[in-house]
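Worksheet: the structure to be examined is printed underneath.
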There are 2 protein chains.
Amino acid sequence: MLTAKQHQLLVFIQERLAENGVSPSFDEMKDALGLKSKSGVHRLVNALEERGFIRRMANRARALEVIKMPEKPATTTASNVVAGNFGASPKAATPAPQEDHSIEIPLHGRIAAGTPIEALENRDSFVSVPHGMLGRGNCYALEVSGDSMIELGILDGDTVVIESTEVARDGEVVVALVDREEATLKTLRRNGRFIELVPANRDYKTQVLEADRVKVQGRLVGLLRTYH
Amino acid sequence: MLTAKQHQLLVFIQERLAENGVSPSFDEMKDALGLKSKSGVHRLVNALEERGFIRRMANRARALEVIKMPEKPATTTASNVVAGNFGASPKAATPAPQEDHSIEIPLHGRIAAGTPIEALENRDSFVSVPHGMLGRGNCYALEVSGDSMIELGILDGDTVVIESTEVARDGEVVVALVDREEATLKTLRRNGRFIELVPANRDYKTQVLEADRVKVQGRLVGLLRTYH
DNA sequence: TCGGTATGTTCTCTTTTAGTTCACCTTTTG
DNA sequence: CAAAAGGTGAACTAAAAGAGAACATACCGA
């Protein structure tokens, strides 16, 4: 997924953020990578953003944020679990009491509505949603990335509320896992032994796949958007 | 995500809140940062608000609230997590306030995004919205009727969260009252002594009105949608 | 209700720091 | 070999920051 340079830069950014909470400037990154010009850094940062590893605010100084780290094989079990538990803190143990009017659900990460996945991730963040928005089953939230569902009013940056389910009716918007690796948010259509994943954007094409390559993970039940 | 100054101020605010539960005044922040003028503090506070770290109420004294601290997610490896925690210093002991996860706001009725109003103030119905979605001032909700804002992803039946205000910047989506009788949800554009109310739908026309015929009643800050 | 104190908000200026773009060249890789 | 990823430098634009002053608002007590 990442080239050596991209990885090196990503690690550097994440270290700096962990150290003092301040993201490095382009000049500092330039020096850290031993470069002599910032423009190369600019390209690397764009590449990391495109691939969904970092997020940034356009035209803002030091406004980088690491939103995921590349796969780290091995280590996963012991050390990670321990680290995860510490990070999760008590609040993960008591996820969502609250009252009647709204409920806390976990935010599981981003889903690129247009291309690949990344619907997993830990980050113990929660979103509170009006109770009337929830479905019957377990619900969780995802942040939408990309514009493939724009014609249904689902925009880049929106938060969608998903009800966990493996069944969905024709025409519903679902989180679909393709070939066990690529999750997308699309409208589901059945067509004989094929399943069509239909985007809501003329610039994207419908994917037609054999039914056994597609697994429904959830159903869209709500949407939240914040304007700034 | 943050510059050094922004981070410094955020830490200071959160310490003061943890200490005695009262947010510091602009003058106190000015002194804490070693500045000679409050205006710089004002800008920093705005920057923190824009980046979603704090919330505030307009024109209210000491009304700051820290809603998140700079995250250090993406737990790369065990060692990193440990290092990160030490680096985080005392503040890691008091991780994050964030008490009220959602707030109830009144649902004031429907707003026809296309034509007239219907300011039926049902004092009965309320909607609960995520705490992070609210603006600074008083907020209320309206149900959208019509499709004039469809190209901005605001659909018929959506619930919009409106912050009461009489001022709005160019390009913001506002609730505008025309001739004291017709309220619509539109994008606001200023053009000399005229105000343009721009729909987001090719089938509707922009209204160009003399400024004194238009009164801004609120500003769009959030959107909720439920799928059935 | 009036006035005063404490605070928050804007504005204008100035300096410093940081991000963006472009044209052109080199290296790595499939 | 061609495409993609990197590297360089320079010009340009924009954001962050500091200062100081005028102004606006909230709140409290007489």
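Scope of the values below: all heavy atoms of this structure, side chains included, with no hydrogens, waters or symmetry mates. Predicted model, so just to flag it, every value in this text is computed and none were measured. Each chain gets a letter, A, B and so on, in the order its sequence line appears, and its residues count up from 1.
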Next on the checklist: Could you tell me how far apart A/E49 (CD) and C/dT20 (C1') are, to the nearest whole angstrom?
Outcome noted: 13 Å

Next on the checklist: Under a 3.5 Å distance rule, please check whether A/D158 uses its side chain to pair with a backbone N or O of A/L155 as donor and acceptor.
Outcome noted: yes

Checklist entry - Once you round it to whole Å, what is the distance between C1' of C/dA18 and CD of B/Q6? => result 13 Å

Checklist entry - Quick one: is B/N59 getting a side-chain N or O under 4.0 Å of the D/dA24 phosphate, OP1 or OP2? => result no

Checklist entry - Measuring from A/R225:CZ to B/I154:CD1, what's the distance to the nearest 0.5 Å? => result 6.5 Å

Checklist entry - Taking atom P of D/dA4 as reference, at what distance in whole Å does atom CG of A/L2 sit? => result 18 Å

Next on the checklist: Side chains of B/I111 and B/E143, heavy atoms from C-beta outward: is any pair under 4.5 Å?
Outcome noted: no

Item to check | Pair A/I67-A/I54, side-chain contact (heavy atoms from CB on, under 4.5 Å): steps then yes or no | outcome: CA-CA 5 Å; A/I67 54 183; A/I54 65 176; 5.6 Å; no

Checklist outcome for this item: Rounded to whole Å, the CG-P distance (B/D27 to D/dA19) equals 13 Å

Item to check | Backbone N/O of A/S23 and side chain of A/R62: donor-acceptor pair under 3.5 Å | outcome: yes

Checklist entry - Between B/I195 and B/L188, is any pair of side-chain heavy atoms under 4.5 Å apart? => result yes

Checklist entry - Between C/dG19, D/dA17, C/dT7, which nucleotide has the shortest distance from any of its atoms to the side chain of A/F26? => result C/dG19

Checklist entry - Of the nucleotides C/dT7, D/dA16, C/dT9, which has the atom closest to the B/H42 side chain? => result C/dT9

Checklist entry - How many Å lie between NE2 on A/H7 and P on D/dA5, as a whole number? => result 17 Å

Next on the checklist: Using a 3.5 Å distance criterion without hydrogens, assess whether the side chain of A/T184 forms a donor-acceptor pair with backbone atoms of A/K186.
Outcome noted: no

Item to check | B/E28 CD - C/dA6 P separation (whole Å) | outcome: 12 Å

Checklist entry - Atom CG of A/L48 to atom P of D/dA5: distance rounded to whole Å? => result 12 Å

Item to check | salt bridge (charged side-chain N to carboxylate O under 4.0 Å, His left out) contacts touching residues 33-44 of chain B (sequence neighbours left out) | outcome: none

Pull out every protein N or O sitting under 3.5 Å from an N or O of nucleotides 7-12 of chain D, one pair per line with the distance.
from	atom 1	to	atom 2	distance (Å)
D/dG7	N7	A/R43	NH2	2.2
D/dG7	O6	A/R43	NH1	3.1
D/dG7	O6	A/R43	NH2	3.2
D/dT8	OP2	A/K36	N	2.7
D/dT8	O4	A/S39	OG	2.9
D/dG9	N7	A/S37	OG	2.7
D/dG9	O6	A/S39	OG	2.5

Next on the checklist: If you compare every side-chain N and O of A/R62 against the phosphate oxygens of C/dA18 (OP1, OP2), does one of them come in below 4.0 Å?
Outcome noted: yes

Item to check | Nearest-Å distance for atom pair NZ/C1', residues A/K30 and D/dG6 | outcome: 16 Å

Checklist entry - Do we see a donor-acceptor contact under 3.5 Å between the side chains of B/N46 and B/R51? => result no

Can you give me the N/O atom pairs linking the protein to nucleotides 28-30 of chain C at distances under 3.5 Å, or say none if there are none?
none

Checklist entry - Does A/R60 or A/R51 map to a spot on DNA chain D nearer the 5' end, using the closest nucleotide for each? => result A/R51

